[in-house]
Amino acid sequence: MKVVKLADVLGTEHDVDGGTWVSRRLINKKDGMGYSVNDTIIKAGTETHIWYQNHLESVYCIEGEGEVVTLSDNKVWPITKDTLYALDQHDEHLLRAKTDMRMVCVFNPPLSGKEVHDENGVYPVDED
């Protein structure tokens, strides 16, 4: 059994600031669950280019308002509280936050917990 409180992660190496977002990595690769879970804040008024070429991600919005734009078709997907979106095709997208957005993000394969996006919006594969 593993129990993690957000307070346990705040201020540690697993409290990662990506500029337009802050992600608190609650469950990571080292936990052996086969996925990772993050509590992420997307900062109001920001736009983040993301393209998870190496990961699948499901995102559940628990606070705030914004939108996702899938770049393959320029479709705009409104995101509000109680909305989940799944990047099941490694979708290249823009995430725009109208207000601060609090998201629960689940990744497969799991993140190590320290990743930030590279210049293409990609998280690297953790080879450890």
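Note that the numbering runs from 1 along the sequence shown for the chain.
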Determine whether the side chains of Thr70 and Asp73 contain a donor N or O and an acceptor N or O closer than 3.5 Å. yes

Considering residues, nucleotides and ligands other than Lys30, do more than 12 of their heavy atoms fall under 6.0 Å from its NZ? yes

Is Asp17 close to Lys43 at the side-chain level, that is, under 4.5 Å between some pair of heavy atoms? yes

For a quick test of reading the model, state the closest non-hydrogen atom pair linking Gly34 to Pro110 and the distance between them. O-CD, 3.6 Å

Looking at SG of Cys61 and CD1 of Ile42, how far apart are the two atoms once the value is rounded to the nearest 0.5 Å? 9.5 Å

Interatomic distance, Lys2 atom NZ to Met33 atom CE [nearest 0.5 angstrom]: 10.0 Å

Look only at the side chain of His55 and the backbone of Asn108, and say whether a donor-acceptor pair between them is shorter than 3.5 Å. no

Atom CD1 in Ile79, atom NZ in Lys98: separation rounded to 0.5 Å? 10.5 Å

Single-linkage hydrophobic cluster, 4.5 Å side-chain cutoff, Leu84 and Leu95 together: no

CG/Leu94 to CD/Glu67 distance, rounded to the nearest 0.5 angstrom? 9.0 Å

Aromatic contact between Tyr60 and Tyr85, with the criterion being ring centroids under 6.0 Å apart: yes or no? no

Nearest heavy-atom approach of Val37 to Val104 is CG1-CG1, 4.1 Å

Looking at every heavy atom in both Asn38 and Leu111, which two are closest together, and how far apart are they? ND2-CD1, 3.6 Å

Is there side-chain contact between Leu71 and His49, with heavy atoms separated by less than 4.5 Å? yes

Is it true that Leu87 and Phe107 fall in one hydrophobic cluster, defined by side-chain heavy atoms closer than 4.5 Å? yes

Taking all heavy atoms of His93 and all of Asp91, pick out the closest pair and write down the distance. ND1-O, 2.9 Å

Measuring from Ser112:OG to Arg25:CZ, what's the distance to the nearest 0.5 Å? 7.5 Å

Can you give me the closest heavy-atom contact between Ile27 and Val4, atom names plus distance? CD1-CG2, 4.5 Å

Test item: Arg24 side-chain N/O and Asp39 main-chain N/O as donor-acceptor pair under 3.5 Å: yes

Side chains of His14 and Asn28 in contact at under 4.5 Å (non-hydrogen atoms): yes

For Thr12, is there any backbone N or O sitting under 3.5 Å from a side-chain donor or acceptor partner on Asp15? no

Cluster overlap Met101 with Val59, hydrophobic side-chain contacts below 4.5 Å: yes

If only atom types and distance count, is the side chain of Asp8 paired as donor or acceptor with the main-chain N or O of Leu6 below 3.5 Å? no

Distance (rounded to the nearest 0.5 Å) between Tyr52 OH and His90 NE2: 13.0 Å

Using a strict 4.0 Å threshold on nitrogen-to-oxygen distance, state whether Glu47 and Arg96 make a salt bridge. yes

Would you call Trp21 and Thr48 a side-chain contact if the rule is heavy atoms closer than 4.5 Å? yes

Contact check, side chains of Thr40 and Val22, non-hydrogen atoms, under 4.5 Å: no

